[in-house]
Amino acid sequence: MRLSKFAAYNTYHHCEQCHQYMGFHPRYQLYESTLHAFAFSYSMLGEEIQLHFIIPKSKEHHFVFSQPGGQLESMRLPLVTDKSPTFTPTTGRHEHGLFNLYHAMDGASHLHVLVVKEYEMAIYKKYWPNHIMLVLPSIFNSAGV
């Protein structure tokens, strides 16, 4: 656990330090990300589940892709000495959710994944274009967080 004197912020926070964090990176176009499917068997539902990851180009180095087809194979987990990824399940908080962790992490690099429902994918992508998103299958659209 990391404690900071700074807070996490929502979409209304716009300081100079957060421009890169919020997706204003000169090397990458705004909203430049790719959608990747990842399937696995889920015995409780008795079927194969397909998850989708929206991965900004600037964050692709956190994942492993197959060489011939560029299919998503896995996520690169950090070493024990590094920080673990932060997964934030969210619904209905695309504008007011405290997902800008730049100051809360004291500017340190970190891996932050938003877990969103399929029907909210587009709105979260609009407000948080620089975040990795794990998109749940549509069968979970009516479930709680």
Side-chain angles (χ1 to χ4, degrees), residues 1-2 4 6-15 17-80 82-105 107-145:
M1 176 184 245
R2 180 182 183 130
S4 170
F6 299 107
Y9 291 101
N10 60 20
T11 59
Y12 297 110
H13 175 77
H14 297 287
C15 75
Q17 296 168 318
C18 287
H19 273 204
Q20 181 177 346
Y21 185 84
M22 293 299 290
F24 306 114
H25 195 283
R27 206 170 137 207
Y28 302 102
Q29 292 292 327
L30 190 62
Y31 301 109
E32 187 178 353
S33 59
T34 52
L35 179 69
H36 298 276
F38 186 79
F40 67 95
S41 292
Y42 185 60
S43 60
M44 290 187 71
L45 292 177
E47 61 185 70
E48 185 170 277
I49 299 292
Q50 186 149 357
L51 299 174
H52 289 91
F53 281 86
I54 297 176
I55 305 171
K57 294 287 186 191
S58 63
K59 309 275 176 133
E60 285 183 343
H61 64 278
H62 293 292
F63 294 86
V64 176
F65 300 94
S66 64
Q67 288 302 330
Q71 292 290 325
L72 176 63
E73 289 185 346
S74 66
M75 178 183 238
R76 292 182 201 275
L77 293 176
L79 299 173
V80 176
D82 293 337
K83 295 164 198 68
S84 298
T86 301
F87 287 84
T88 306
T90 179
T91 183
R93 300 182 307 146
H94 53 274
E95 201 172 14
H96 298 288
L98 303 177
F99 308 128
N100 179 344
L101 302 180
Y102 179 80
H103 296 289
M105 300 296 280
S109 68
H110 61 281
L111 182 59
H112 189 197
V113 180
L114 297 179
V115 182
V116 301
K117 295 180 180 185
E118 185 182 56
Y119 75 94
E120 294 180 304
M121 172 180 64
I123 194 76
Y124 273 93
K125 184 179 175 188
K126 176 184 174 189
Y127 279 90
W128 301 97
N130 65 316
H131 278 64
I132 298 166
M133 292 183 205
L134 169 56
V135 181
L136 298 174
S138 60
I139 59 170
F140 294 108
N141 279 345
S142 60
V145 176

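Considering only residues two or more places apart in sequence or on other chains, Thr34 meets the side-chain hydrogen bond (donor to acceptor under 3.5 Å, both in side chains) condition with His36, Glu60. For Phe63, the ring pair (Phe, Tyr, Trp, His ring centres under 6.0 Å) partners two or more places apart in sequence, or in a different chain, are Phe53.
Glu118 approaches Val135 most closely through the heavy-atom pair CA-CG1, 3.6 Å. Closest heavy-atom contact between Pro56 and Pro129: CG-O, 3.5 Å. When all heavy atoms are compared, the tightest approach of Val115 to Phe87 is CG2-CD2, 4.1 Å. Closest non-hydrogen pair, Gln50 versus Pro137, comes out as O-CG, 3.6 Å.
Contact check for His131 versus Tyr124: no side-chain heavy atoms found under the 4.5 Å cut-off.
With rounding to the nearest 0.5 angstrom, the CG atom of Leu114 is 12.0 Å from the OG1 atom of Thr91. Note that NE2 of His52 is 10.5 Å distant from CG of Leu134, once rounded to the nearest 0.5 Å. Separating the CG atom in Leu111 from the CD1 atom in Ile132 is a distance of 4.5 Å, to the nearest 0.5 Å. Rounding to the nearest 0.5 Å gives a distance of 15.0 Å between NZ of Lys126 and CE of Met121. The line from CD of Glu120 to CZ of Arg93 is 10.0 Å long, rounded to the nearest 0.5 Å. Separating the CD1 atom in Ile123 from the NE2 atom in His94 is a distance of 4.5 Å, to the nearest 0.5 Å.
Partner of Val116 under the side-chain contact (heavy atoms from CB on, under 4.5 Å) criterion, chosen from Ile54, Thr90, Thr88: Thr90.
Side chain of Asn141 to main chain of Lys117: no donor-acceptor pair is present (N/O by atom type, distance under 3.5 Å, no hydrogens or angles).
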